[in-house]
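Note sheet for the following structure.
This is a predicted model, so every value here is computed, not measured. Quick note on labels: first sequence line is chain A, next is B, and so on, each numbered from 1.
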Protein chains: 2
Amino acid sequence: MSDLLERLRERGWRLTAQRRVVAEVLNGDHVHLTADEVHARAADRLPEISRATVYNTLGELVSLGEIIEVSTDGRAKRYDPNAHRPHHHLVCSRCGTIRDVHPGGNPLDDLPAGERFGFTVSDVEVTYRGVCPECAAA
Amino acid sequence: MSDLLERLRERGWRLTAQRRVVAEVLNGDHVHLTADEVHARAADRLPEISRATVYNTLGELVSLGEIIEVSTDGRAKRYDPNAHRPHHHLVCSRCGTIRDVHPGGNPLDDLPAGERFGFTVSDVEVTYRGVCPECAAA
DNA sequence: TCCTACAATGGACTTTGTCCAAGTCAATAT
DNA sequence: ATATTGACTTGGACAAAGTCCATTGTAGGA
Ligand SMILES: [Mn+2]
Ligand SMILES: [Mn+2]
Ligand SMILES: [Zn+2]
Ligand SMILES: [Zn+2]
């Protein structure tokens with residue numbers, strides 16, 4: 001959504017050149033970039049931007065609920081700008097490609113009270129794993 | 001299950017003192033330890049065991065399908081000896097406590113073909129998040 | 001234009017994990 | 001019981017991902 005910057009301004013977010021380029025890099029709903037990938041793309045537009053600033057900015061956007069942190073591979077976390085429509089992920093075990101998926105049903109309904117151990121369960125994260133068509137062909 | 005060592009021997013696994021203590025530490029189905037936690041507990045019994053050996057051994061046990069790697073927090077991976085009964089995890093967002101859960105239904109059934117993008121989907125991992133009773137009380 | 005609270009910087013530091021050359025040892029054969 | 005040997009272990013160097021902080025810069029209001 002290109003009104004991300006708009007929303008941030010409305011929230012009183014101090015708008016700097018660095019924050020602007022990070023937000024621009026994250027524009028588009030179908031990217032799942034690591035912090036270093038965000039930094040690299042941001043540095044194309046603003047070469048002097050630091051890694052620390054990218055980490056800070058990503059952390060703030062997560063706190064604001066504008067992006068979501070996903071860790072599908074136990075390595076670097078990825079940052080997902082598709083925070084508006086709830087969804088899950090389908091990951092290729094070979095190449096790591098990530099796709100957004102919107103399964104039917106609500107997995108929360110599958111967790112009976114007896115299996116909740118007194119937790120107040122608020123969220124569920126589902127990761128489907130498999131092999132993508134490209135990797136299957138190769 | 002305490003026949004882990006038994007099964008490993010049957011598979012022709014070369015049994016060393018180091019591998020034995022790692023397997024013993026992982027004994028019991030309800031632990032979800034990080035590699036460093038495994039190392040610390042193993043070192044209680046065998047002080048000279050090295051980090052590299054713990055990592056090697058955990059990696060082998062994962063390959064053998066005797067334990068499962070889980071990364072619920074995007075930080076250190078945890079090693080789960082409950083590889084026999086398929087299950088998912090319920091994680092406290094405050095303290096990180098992890099519980100095994102066995103939800104009803106199969107989430108794979110909730111992912112229609114139109115949402116599979118040509119992937120051959122073989123596995124699904126579900127993480128429920130919430131607040132545990134202890135953290136809620138505090 | 002000036003001020004100042006907030007933001008950016010870069011480098012040190014931490015955590016988590018991998019890799020390797022050299023030494024050690026479990027299991028087998030004699 | 002001993003020798004043999006390929007597999008295992010070790011410690012330390014290295015790497016990737018992320019955090020922290022003192023210093024410097026600046027966005028936005030007065
Ligand atoms: Mn996504
Ligand atoms: Mn478990
Ligand atoms: Zn693939
Ligand atoms: Zn808790």
Side-chain angles (χ1 to χ4, degrees), chain A residues 5-6 8-25 32-64 66-80 96 98, chain B residues 5-6 8-25 32-64 66-80 96 98:
Chain A
L5 280 168
E6 196 58 40
L8 292 170
R9 199 178 343 246
E10 279 167 17
R11 288 187 182 222
W13 211 49
R14 187 160 156 181
L15 198 39
T16 66
Q18 292 83 350
R19 289 174 166 194
R20 190 190 311 272
V21 295
V22 169
E24 284 170 359
V25 164
H32 300 93
L33 303 174
T34 64
D36 271 343
E37 286 165 352
V38 171
H39 179 246
R41 298 193 185 195
D44 286 344
R45 292 163 155 272
L46 187 66
E48 67 276 21
I49 191 172
S50 72
R51 274 183 1 111
T53 293
V54 171
Y55 275 103
N56 288 341
T57 304
L58 291 172
E60 283 159 25
L61 291 174
V62 169
S63 295
L64 291 169
E66 294 289 353
I67 65 177
I68 290 171
E69 227 173 38
V70 233
S71 40
T72 46
D73 61 348
R75 306 190 54 131
K77 287 174 191 158
R78 294 180 172 272
Y79 293 89
D80 185 341
I98 303 176
Chain B
L5 279 169
E6 197 56 39
L8 292 170
R9 200 180 340 248
E10 279 169 17
R11 289 189 184 222
W13 210 50
R14 185 161 157 182
L15 200 39
T16 67
Q18 292 84 350
R19 289 174 166 191
R20 189 189 313 272
V21 294
V22 169
E24 284 170 359
V25 165
H32 299 92
L33 302 173
T34 64
D36 271 341
E37 286 165 352
V38 172
H39 179 245
R41 299 192 185 196
D44 287 343
R45 291 163 156 272
L46 187 66
E48 67 275 22
I49 191 172
S50 73
R51 275 184 359 113
T53 294
V54 171
Y55 275 102
N56 288 342
T57 304
L58 291 172
E60 282 159 26
L61 292 174
V62 169
S63 295
L64 292 169
E66 294 289 353
I67 65 176
I68 289 172
E69 226 173 38
V70 270
S71 40
T72 47
D73 62 347
R75 306 189 54 134
K77 288 174 191 159
R78 293 180 172 273
Y79 293 88
D80 186 341
I98 303 176

Exercise for review: Whole angstrom is fine here: how far is it from CD in E60(A) over to P in dA7(C)?
Suggested key: 6 Å
Point to revise | Criterion side chain to side chain contact (heavy atoms under 4.5 Å, CB included) on R20(A) and R45(A), from CA distance to verdict | key: CA-CA 10 Å; R20(A) 190 190 311 272; R45(A) 292 163 155 272; over 6 Å; no
Point to revise | Pair V25(A)-D44(A), side chain to side chain contact (heavy atoms under 4.5 Å, CB included): steps then yes or no | key: CA-CA 10 Å; V25(A) 164; D44(A) 286 344; over 6 Å; no
Check your understanding: What's the CD-P distance between E69(B) and dG17(C), to the nearest Å?
Key -> 8 Å
**Study point:** R11(B) side chain to L64(B) backbone, donor-acceptor under 3.5 Å
**Key:** yes
Review point. Over how many whole Å does the gap from R75(B) atom CZ to dG17(C) atom P extend?
Key: 10 Å
Exercise for review: Take the protein atom CG of L8(B) and the nucleotide atom C1' of dC8(D), then report the distance between them rounded to whole Å.
Suggested key: 15 Å
Study note, to complete from the structure: To the nearest angstrom, the CZ-C1' distance between R20(B) and dA27(C) comes to 14 Å
Exercise for review: Would you mind reporting whether H32(B) and Y79(B) have side-chain heavy atoms less than 4.5 Å apart?
Suggested key: no
Practice item. Would you indicate, yes or no, if dC25(C) has its OP1 or OP2 atom less than 4.0 angstrom from a side-chain nitrogen or oxygen of Q18(B)? Key: no
Check your understanding: Between R19(B) and dT9(D), is there a side-chain N or O to OP1/OP2 distance below 4.0 Å?
Key -> yes
Practice item. Hey, which sits more toward the 5' end of DNA chain D by its nearest nucleotide, T16(A) or R14(B)? Key: R14(B)
Exercise for review: Check the pair T53(A) / V22(A) against side chain to side chain contact (heavy atoms under 4.5 Å, CB included), numbers first and verdict last.
Suggested key: CA-CA 9 Å; T53(A) 293; V22(A) 169; 5.8 Å; no
Check your understanding: Can you tell me if H39(A) uses its side chain to pair, donor with acceptor, with the backbone of Y55(A) under 3.5 Å?
Key -> no
Review point. Taking atom P of dA17(D) as reference, at what distance in whole Å does atom NZ of K77(B) sit?
Key: 11 Å
Practice item. Provide, to the nearest angstrom, the distance between the CG atom belonging to D73(A) and the P atom belonging to dT18(C). Key: 12 Å
Exercise for review: Return no unless some side-chain N or O of Y55(B) is found under 4.0 Å from OP1 or OP2 of dT18(C).
Suggested key: no
Check your understanding: Quick one, which residues of residues 34-54 of chain B touch DNA chain C with a heavy atom under 4.0 Å?
Key -> R51(B), A52(B)
**Study point:** For atom CG of N56(A) and atom P of dT19(D), their distance in whole Å
**Key:** 9 Å
Exercise for review: Without swapping roles, check the side chain of R19(B) against the backbone of R14(B) for a donor-acceptor pair under 3.5 Å.
Suggested key: yes
